[in-house]
Amino acid sequence: MPSRMRLLTLVAIGLAIYGCGRASDESSQAMRAGDLVASGADASSAAPGGAMMAEAMKSSAPDGGVDAAASSMETIAQSGAQRQIIRNGIVTIEAADARKAAETLTSTVGRLGGFIGNTSEDVNELGGRNVTLEARVPAPKFDDLMRSLDQLGTVLSRNITAQDVTEEYVDVEAKLRNLKRTEARLLEHLARSGKLSDTLLVERELTRVREQIEQYEGRMRYLKHNVAYSSATITIRDKAKKEPLVPPESFSSGQVASSAVRSLVDFARSIWSVAIWFAVWAPVWLPGVLLLVFLSRKGRGKPGGKDASAP
């Protein structure tokens, strides 16, 4: 019995010693981490780049990481509830009067709170008019615009696309938020910096961060505008007019006689032109013709010729 009590006592003393040693190790590690953070913060005024090193150490702290992750998850959850969709449409309409239909469409777009962008107009070889308009209306009014097109004429084609940019929207928004936080921290370090080398280093990093902020802000403005306003390219063309395939025929004796006289005059001119050519080229062809005539007559006068009389 005493040996058992002695054994239990030794085990309890050993566990107590192990627990005290582990607690002292954890407290020493915490003290070293605190000293490291403090030394990194103090290094902002002692060595170039100390400000960014201290900032990086603060950013990697567990609390900051948890807050950033929670904020990112909250943003994604909110964006998931409201998708960011860019809708575009391409429509071709055949109307009795393309220009009048275009004027009606312009007034309809204004009534829906939108506006007309690019506009072009042309006339084909048959005299038909084609008018192309780029209409932009608030996204909730896009379906109303599509329904109003049926009143302008016959819709020949309608193509509507929807592009989901929620992922890109959330990504750009998170990057922009983080860059603005970095910019604020750099400004704080710039205000506390005492050395010229540290100031130049922080200003160079601040310039790079601001350039990225401007790029992402431009992309964000583009996404917001295209999500808020849907676009539709609408082409309105005149309806083809019915015309007879063969034009009506008409007969005029005077017209026929005039055509006959003109043909006779043209024929006489052609004959006279040929005669002039022959006369002008006579020195070339006349000697040959005379030679052939002479040889032909000479051949007939010989005893073996065709015209020689029989004995």
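Annotation: the span from T199 atom OG1 to L206 atom CG amounts to 11.5 Å, rounded to 0.5 Å. In this structure, the separation between CZ on R210 and CG on L179 is 12.5 Å, given to the nearest 0.5 Å. Annotation: the span from H225 atom NE2 to R221 atom CZ amounts to 12.0 Å, rounded to 0.5 Å. Atom OG1 in T132 sits 10.5 Å away from atom CG in N118 (nearest 0.5 Å). Between the CG atom of L105 and the CD1 atom of I234 there is a distance of 4.5 Å, given to the nearest 0.5 Å. Annotation: the span from E168 atom CD to I86 atom CD1 amounts to 8.0 Å, rounded to 0.5 Å.
Taking a cutoff of 4.0 Å between a charged side-chain nitrogen and a carboxylate oxygen, R111 and D144 do not qualify as a salt bridge. In summary, D171 and K175 engage in a salt bridge, as defined by a charged side-chain N under 4.0 Å from a carboxylate O. Using a cutoff of 4.0 Å between basic side-chain nitrogens and carboxylate oxygens, K180 and E183 are not scored as salt-bridged.
M146 places a side-chain heavy atom less than 4.5 Å from the side chain of V91. Using a 4.5 Å heavy-atom cutoff, the side chains of L223 and Q84 are not in contact. The shortest distance between side-chain heavy atoms of R87 and D143 falls below 4.5 Å. By the 4.5 Å heavy-atom criterion applied to side chains, V293 and R297 are counted as neighbours.
Using a distance-only test at 3.5 Å, with no hydrogens or angles considered, a donor-acceptor pair links the side chain of N226 to the main chain of Y222. Remark: side-chain polar atoms of S270 are paired, donor with acceptor, to backbone N or O of D266 under 3.5 angstrom. Proximity of a side-chain donor or acceptor of R136 to a complementary backbone N or O of Y229 within less than 3.5 Å is detected.
For S157 and T92, the side-chain atoms include at least one donor-acceptor pair closer than 3.5 Å.
In this structure, V284 is a member of the same hydrophobic cluster as V289, with clusters built from ILVMFWY side-chain heavy atoms closer than 4.5 Å. Hydrophobic clustering (side-chain heavy atoms under 4.5 Å, transitive across Ile, Leu, Val, Met, Phe, Trp, Tyr) groups V155 together with I236. Tracing side-chain contacts under 4.5 Å through hydrophobic residues (I, L, V, M, F, W, Y), one never reaches V274 starting from I271; they form parts of separate clusters. Side-chain heavy atoms closer than 4.5 Å link hydrophobic residues (I, L, V, M, F, W, Y) into clusters, and following such links, possibly through other members, connects W277 to L286. Linking Ile, Leu, Val, Met, Phe, Trp and Tyr residues whenever their side-chain heavy atoms come within less than 4.5 Å leaves L264 and V256 in two separate clusters.
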Can you list the steps and then say if V265 with R269 is a side chain to side chain contact (heavy atoms under 4.5 Å, CB included)? CA-CA 6 Å; V265 171; R269 287 178 179 176; 3.6 Å; yes

Determine whether D150 and R158 satisfy the following criterion, salt bridge (charged side-chain N to carboxylate O under 4.0 Å, His left out), listing intermediate values before the conclusion. CA-CA 11 Å; D150 295 329; R158 192 197 310 260; 2.9 Å; yes

Let me see the working for N178 and R181 under side chain to side chain contact (heavy atoms under 4.5 Å, CB included), right down to the final yes or no. CA-CA 5 Å; N178 292 334; R181 289 177 180 174; 4.1 Å; yes

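Applying the side-chain hydrogen bond (donor to acceptor under 3.5 Å, both in side chains) rule to pairs touching residues 98-108 yields R99-E121, sequence neighbours excluded.
Within 6.0 Å of CD in E134 there are more than 12 heavy atoms belonging to other residues, nucleotides or ligands.
For the residue pair L156 and R237, the shortest heavy atom distance occurs at CD1-NH2, 3.0 Å. Counting all heavy atoms, side chain and backbone alike, I160 lies closest to F142 at CG2-CE2, 3.9 Å. Closest heavy-atom contact between D238 and N130: N-OD1, 4.4 Å. Looking at every heavy atom in both residues, L112 comes nearest to P138 through O-CD, 3.6 Å. Between V109 and A135, the closest heavy-atom pair is CG2-CB, 3.8 Å. When every heavy atom of V227 is checked against every heavy atom of A139, the shortest pair comes out as O-CB, 3.5 Å.
Using a 30° and 60° split on the angle between ring planes, F278 and W285 fall in the perpendicular class, above 60°.
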